[in-house]
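Beneath this line is the structure, given in structure tokens, with notes to follow.
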Amino acid sequence: MNIKEVVGSIVETIIKVAVLLFLISFVYDAAIKAYDFGYRVFAEEAVTTGEGRIISISVEPDDSVLDIGKNLEEKGLIRDANLFFVQELLSENHGKINPGIYDLSTSMKSDEMLAIMAAKPEETEEDSNKTASGRTSDAETGDGPEDTNDSADGEDSENGDGSEDTGNGADGDDAGDTGADGE
């Protein structure tokens, strides 16, 4: 064996060891980052402890979850928009975020923010006065008499479903017919 072959063999071995150490280091770092990311998906703490600051966030109808996450990250409510995306994907509120303006705190966790943004909007007072047909009834608003039954005997009757009879048919009876079709 000559000296060139020995030196070439040693250099080749050093290069192989260096590449192997690089690969081991790369895999180790990737595994640590993957574990940290996975852990944070389920155990991410709030940005601040205590009361925190209240920040208003606007969610538009065409915003994606990643857009919402970037907005939350820019406002300082979360640390990582990609993490928020994965948390929403795995949460019970997946696909349920409603457009609107929300007051969120820096002391909230991501799952709490998701629950608030996915909650059904509260009914306004006007909406609560709507009947099933979409009209506001006189009885609910107090604008008219509660019973407008004009049956032959003048007695008040109720429908079988517990609602009041508002029929004005002359041939309606006390059994709760509305008088609309004369049955």
Side-chain angles (χ1 to χ4, degrees), residues 1-137 140-141 161:
M1 230 189 204
N2 71 25
I3 194 86
K4 280 185 161 182
E5 290 177 3
V6 172
V7 171
S9 175
I10 290 173
V11 170
E12 184 181 347
T13 304
I14 290 173
I15 291 173
K16 286 181 180 179
V17 169
V19 168
L20 184 62
L21 288 175
F22 174 76
L23 287 175
I24 290 172
S25 174
F26 177 77
V27 169
Y28 179 76
D29 287 344
I32 293 295
K33 288 180 182 177
Y35 174 80
D36 181 52
F37 187 82
Y39 179 79
R40 288 177 50 207
V41 166
F42 299 104
E44 177 74 0
E45 294 296 320
V47 173
T48 60
T49 57
E51 288 189 32
R53 293 181 334 209
I54 303 293
I55 299 173
S56 292
I57 295 295
S58 174
V59 176
E60 301 298 324
D62 59 340
D63 284 350
S64 69
V65 176
L66 196 54
D67 291 338
I68 295 168
K70 287 177 183 176
N71 191 12
L72 293 173
E73 185 177 9
E74 288 172 6
K75 301 280 185 166
L77 290 163
I78 60 173
R79 291 183 185 93
D80 187 355
N82 294 324
L83 182 70
F84 181 80
F85 175 79
V86 173
Q87 288 171 327
E88 191 276 339
L89 186 67
L90 298 174
S91 79
E92 62 187 20
N93 297 314
H94 174 61
K96 297 179 182 176
I97 294 178
N98 296 312
I101 297 175
Y102 301 98
D103 291 328
L104 305 174
S105 173
T106 56
S107 64
M108 291 180 175
K109 294 181 180 182
S110 295
D111 58 340
E112 295 170 327
M113 292 180 201
L114 282 168
I116 289 172
M117 290 187 282
K120 298 215 185 267
E122 294 181 15
E123 287 186 4
T124 61
E125 193 174 307
E126 182 179 311
D127 291 341
S128 64
N129 287 338
K130 300 284 181 182
T131 61
S133 66
R135 298 178 304 140
T136 305
S137 70
E140 291 171 340
T141 60
D161 61 355

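FYI, side chains are in, hydrogens and waters are out, and symmetry mates aren't considered; it's all heavy atoms of this structure.
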Atom OH of Y102: over 12 foreign heavy atoms under 6.0 Å: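 Enclosed.
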Can you confirm whether more than 12 heavy atoms, excluding those of I101, are under 6.0 Å from its CD1 atom?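 Atom CD1 in I101 is not packed in, count stays at 12 or less.
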Out of V65, V41, N71, which one pairs with F84 under the side chain to side chain contact (heavy atoms under 4.5 Å, CB included) rule?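 Exactly one candidate clears the test, V65.
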Indicate yes or no: at least one non-hydrogen side-chain atom of [X] is less than 4.5 angstrom from one of [Y].
X: M113; Y: I68; value: no
X: L83; Y: I78; value: no
X: L114; Y: I97; value: yes
X: L104; Y: L72; value: yes

With no hydrogens and no angle check, is any side-chain donor or acceptor of S105 less than 3.5 Å from a backbone partner on E51?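 Flag set: sc S105 to bb E51 pair under 3.5 Å.
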Is there a donor-acceptor pair closer than 3.5 Å between any side-chain N or O of S25 and the backbone N or O of L21?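 Answer holds: no.
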Distance-minimising heavy-atom pair for [X] and [Y]:
X: E88; Y: N93; value: OE2-O, 3.6 Å
X: A46; Y: S107; value: CB-O, 3.3 Å
X: R79; Y: R40; value: CB-NH2, 4.1 Å
X: P99; Y: E60; value: CB-C, 4.0 Å
X: A81; Y: L66; value: O-CD1, 3.9 Å

T48: which residues meet the side-chain hydrogen bond (donor to acceptor under 3.5 Å, both in side chains) condition with it, sequence neighbours left out?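 With sequence neighbours excluded, T48 shows a side-chain hydrogen bond (donor to acceptor under 3.5 Å, both in side chains) to T106, given in chain and number order.
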Please enumerate all residues that pass side-chain hydrogen bond (donor to acceptor under 3.5 Å, both in side chains) together with K33, with sequence neighbours excluded.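 None.
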With a 4.0 Å cut-off on N to O distance, would you call K16 and E12 a salt bridge?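 A salt bridge links K16 with E12.
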Show your reasoning for whether side chain to side chain contact (heavy atoms under 4.5 Å, CB included) applies to M108 and I116. CA-CA 10 Å; M108 291 180 175; I116 289 172; 3.3 Å; yes
Applying salt bridge (charged side-chain N to carboxylate O under 4.0 Å, His left out), name anything that partners E73, two or more places apart in sequence or on another chain.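 E73 satisfies salt bridge (charged side-chain N to carboxylate O under 4.0 Å, His left out) with no residue once adjacent residues are dropped.
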Would you give the length of the straight line joining atom CG of D111 to atom CD of E92, rounded to the nearest 0.5 angstrom?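 Interatomic distance, D111 CG to E92 CD, rounded to 0.5 Å: 8.5 Å.
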In Å, rounded to the nearest 0.5 Å, how long is the span from CD1 of I54 to CG of L77?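 Reported to 0.5 Å precision, the distance equals 9.0 Å.
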Is there a donor-acceptor contact under 3.5 Å linking the side chains of Q87 and S110?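 Side chains of Q87 and S110: pair found under 3.5 Å.
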